[in-house]
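Sequence lines set the chain letters: A, B, ... in the order given, protein chains first and strands last, and positions in each chain run from 1.
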Amino acid sequence: MKLFSLSKNERIKEKKNIQNLIQDGSSVFSSKNSLKAIYLIKDSNEPGVKIAVGISRKAGKAVWRNRIKRLIKNAYRINKIPLVNSAKENKKQILILFTSSGYNELRNKKLDYREITEEVKSVLDKIERKVSGRLK
RNA sequence: UAGACAAACCGGGCAAUUGCUUUCCGAUAAAAACGGAAAGAGGAAAGUCCGAACUUCAUAGAACAGGGUGCCGGAUAACAUCCGGGUGUUCCGAUAAUUCGGAACAACUGACAGUGCCACAGAAAAUAUACCGCCUCGACUUUGUCGGGGUAAGGGUGAAAAGGCGAGGUAAGAGCUCACCGCUUCGACAGCAAUGUCGGAGGCAUGGCAAACCACACCCGAAGCAAGGUCAAGUAUAAAGGUCGUUUCUCUUUUGAGAAGCAGAGUUGUUCGCUCGAAUGAUUCCUGAUUGGAAUCGCGAUCUUUGGGUAGACCGCUGGAUCCGAACAGUAAUGCUCGGGCAAGAUAAAUAAUUGCCAUCCCAAUAAACAUUGUUGGGAGAACAGAAUUCGGCUUACAGGUUUGUUCUUAUC
RNA sequence: GCGGCAGUAAUUCAGUGGUAGAAUGCCAGCUUCCCAAGCUGGACGUCGCGGGUUCAAGUCCCGUCUGCCGCU
C-alpha cells in the first residue's frame, strides 16, 4: 500500500453513494469558506475513506474545473493519513464530497496550490475531530 | 534593416520527488493488491454552423409538404468547402482618357408566370399622369381672367420620375430624325462553358425589392454512440407449473381493532429456546343434519422453469476517405504509385502536482555606443484553451516565436 | 454528447420593413394640516454585439456573446 496514493478504491464511483451523500450527509466549510465538504460517517466492516470532487458547471470552464479538481485531489492525498488512521481505529467508513463554494473562475483565475492545501487541511481536520469524538 | 500585410509552421525544454489512466510482463484457476516496462490532449480538442461514415427505425415505388443550394468549369465520399476562370461593385494608384494596373468583396437564376410592397414628400411610385411652366384656340368685364386642346424640354419632391448627351426639327415639344454612349436582339469568330471581340438590326418597349410570397433547376427519409448490440444482481417484477396453507378467540352497529397461533422467516452449522408472524373468501358436490371431507376459482407462502429487463459489466471504441517522405500527372485544388510508421481511449470521467535550472520577456544599474550589444541584480516564466463514436470543412478565441513572399505609400541607414 | 427557446426603458412585457410603445417604478407640480390614494406633466433606449440585403432594419439573412430549459 502506497502512502500518498489515490487509486480507484479511494474514490466514490457509484451513483447511489453520491446521492445518499447529498441527501443524508452533513456539511463543513473550510477556514476561508472557499471550499465546502459534504460528509457521511457510518459503521462498516471495511473501514476507510472515500472521496469525490464535484465542481459546478457554473464555476468556470472545463480547463479551470479540471485544474481545481486535480489540485484538491492532490492536496487530499498528501494530507489524508491522519484521517484514514482515525477511521480505521474507530471502524468507520467515511464518504466525503468536496465542492467549491467560494471559488469560481471570474474571481480566482489563477489557482494557488498552497492556498488550496490549507483549505483542504482545515476541512480534514474538522472531520477527523468528529470521527474521533473530540468535537461535540 | 525595421514596420505593415499575406501564407505556412511552432506554440515551451531538462532534471528530481510524489501521483493518475490504459496495455503488457512478473503469473498463476481467477480476482484484488504489489513491482517493472511502454504509451498517454489541440491548433483550435471549443462553438455545434454545414457535409459524410456508422447504427437503429421505416421500406413496393413515387409524389406532395417542409428544408437547403443557385455565374461557369474542375476537385472531392460529400458539402454552404477548396482550386481555376468570367462578370459586377467599391477602394487605391497612374493617366489626356470612357484607358491601364493592383487590392478587397459578392445568396452572382428569374421582376413581360402570377400575387404583393414602395412610408413621408410629390401632379404622378407603374395601365403613366398635367401642379407650376411652355405653345395654341375660344369667350369675356382685354398689361388680365376663365374654359378647351397640344406638350415630359425646364421647375419642384423623393432613395428612385419612364434611356443619357449634342445637333436637327417644331406653334411648343417629343427616338420624331441623326451621330456617339448605354440597352435589347441576330449573326460570325475565340472559348468545354460562363463570357468576350467584331459586324448588323431594333428605336427604347419591361423603375426597384425575390436575404417579400413565389417560379425554375438541382439536392435532402427520420433520429442520433445518452445510436445500437451482448450478458445480467435484486424478498423490483410478468407468465406457467408443483407443494402447503386459507385457523381460533375477544371487542365493535359496520368498516375494523386486539390477542393467540399454523406454514414460513430471522437469530452462528444443528437442536431447543426466543423474536417476527401471511392470506378473503366464494361456488358446487358427498353426508339425514352439524362437524368433517373433496373439486373449481380467488388469495397467501414457498420451490422450479421461462420472459422482458433496471443497477451494473462488456462490445460499439479506435487501423482510418489514416499519418510521414519521395517520384509522376495537373496552372491549382487534388489524384495516383512506391517506401516507411501505428501514435490517448477515460466514463462522478486519466494525461497531474511541487521544487530547481534554462530558453524567452520586463525593470534597474553599469561599460562601449548610430541602431544596439555585453555584464550584474531583481521580477515573471505566461495566450486561448481539455479528447468523450470517428472523419472533411467553416466560424470564433489566442501571449510569444520561426520561415517565406509583397511593399506605390511609413521610419532609419 | 445531443436538441430547443429567449435577449427592447430601472422592472414586466407589446411592437405588419417606414418618427420605438404600454403598465409598474422614478422625478416635479396640484390636492392635504401631514402622509397615502387621486389628477397633471416630465425624464428614462448602443432594441445583447458585429457584419450584410434594402432608399430605409428592433423586424429579413449570416456570424458571435450571454442566459434559460429539455433528453439520462
Undergrad: With C1' as the reference atom in both, quote the distance from A15(B) to A367(B) in angstrom, rounded to an integer.
TA: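 It comes out at 36 Å once rounded to the nearest Å.
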Undergrad: Could you please name the partner base of G66(B), counting Watson-Crick and G-U wobble pairs only when both distances are under 3.5 Å?
TA: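 Pairing partner: C220(B).
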Undergrad: Answer yes or no: is there an ion pair linking E10(A) with R77(A), defined by an N-O contact shorter than 4.0 Å?
TA: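 No.
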Undergrad: If we call it a pair only when both distances are under 3.5 Å in a Watson-Crick or G-U wobble match, what pairs with G241(B)?
TA: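 Pairing partner: C303(B).
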Undergrad: Taking the side chain of R70(A) as heavy atoms from C-beta outward, which of A348(B), A41(B), A353(B) is closest to it?
TA: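 Closest of the options to the side chain of R70(A): A41(B).
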Undergrad: For S122(A) and S31(A), indicate whether the former's side chain and the latter's backbone hold a donor-acceptor pair under 3.5 Å.
TA: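 Pair found, side chain donor or acceptor close to backbone of S31(A).
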Undergrad: Watson-Crick or G-U wobble partner for U287(B), using a 3.5 Å limit on both distances?
TA: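 Result: none.
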Undergrad: So what's U81(B) paired with, Watson-Crick or G-U wobble, going by both distances under 3.5 Å?
TA: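 Pair assignment: U81(B) / A75(B).
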Undergrad: Taking any strand in view, what nucleotide pairs with G258(B) in a Watson-Crick or G-U wobble way, both distances under 3.5 Å?
TA: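 Because both required distances fall under 3.5 Å, G258(B) counts as paired with C249(B).
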Undergrad: Applying the Watson-Crick and G-U wobble criteria at under 3.5 Å, what pairs with G1(C)? Answer none if nothing qualifies.
TA: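 Matched G1(C) with C71(C) under the 3.5 Å cut-off.
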Undergrad: Can you identify which nucleotide, out of A353(B), U18(B), A41(B), has its nearest atom closest to the R77(A) side chain?
TA: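 Minimum distance to the R77(A) side chain belongs to U18(B).
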Undergrad: Mind checking who U90(B) pairs with, Watson-Crick or G-U wobble, both distances under 3.5 Å?
TA: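 When the pairing criteria are applied, A103(B) turns out to be the nucleotide that pairs with U90(B).
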Undergrad: So, the side chain of S30(A) versus the backbone of L35(A): is there a donor-acceptor pair under 3.5 Å, distance only?
TA: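 Here the side-chain-to-backbone pair exists.
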Undergrad: Regarding R67(A), tell me which of base, sugar-phosphate or nothing describes its non-hydrogen contacts under 4.0 Å with the strands shown.
TA: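 Sugar-phosphate contact only.
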Undergrad: Given A387(B), A348(B), A385(B), identify the nucleotide with an atom nearest to the side chain of A62(A).
TA: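 The listed nucleotide nearest to A62(A)'s side chain is A387(B).
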Undergrad: C384(B) pairs with which nucleotide, Watson-Crick or G-U wobble, both distances below 3.5 Å?
TA: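 Base partner found: G42(B).
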Undergrad: Out of I41(A), I12(A), L83(A), which one pairs with I96(A) under the side-chain contact (heavy atoms from CB on, under 4.5 Å) rule?
TA: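 In the set I41(A), I12(A), L83(A), the residue that makes a side-chain contact (heavy atoms from CB on, under 4.5 Å) with I96(A) is L83(A).
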Undergrad: Considering only U21(B), A41(B), U355(B), which nucleotide approaches the side chain of N66(A) most closely?
TA: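 The listed nucleotide nearest to N66(A)'s side chain is A41(B).
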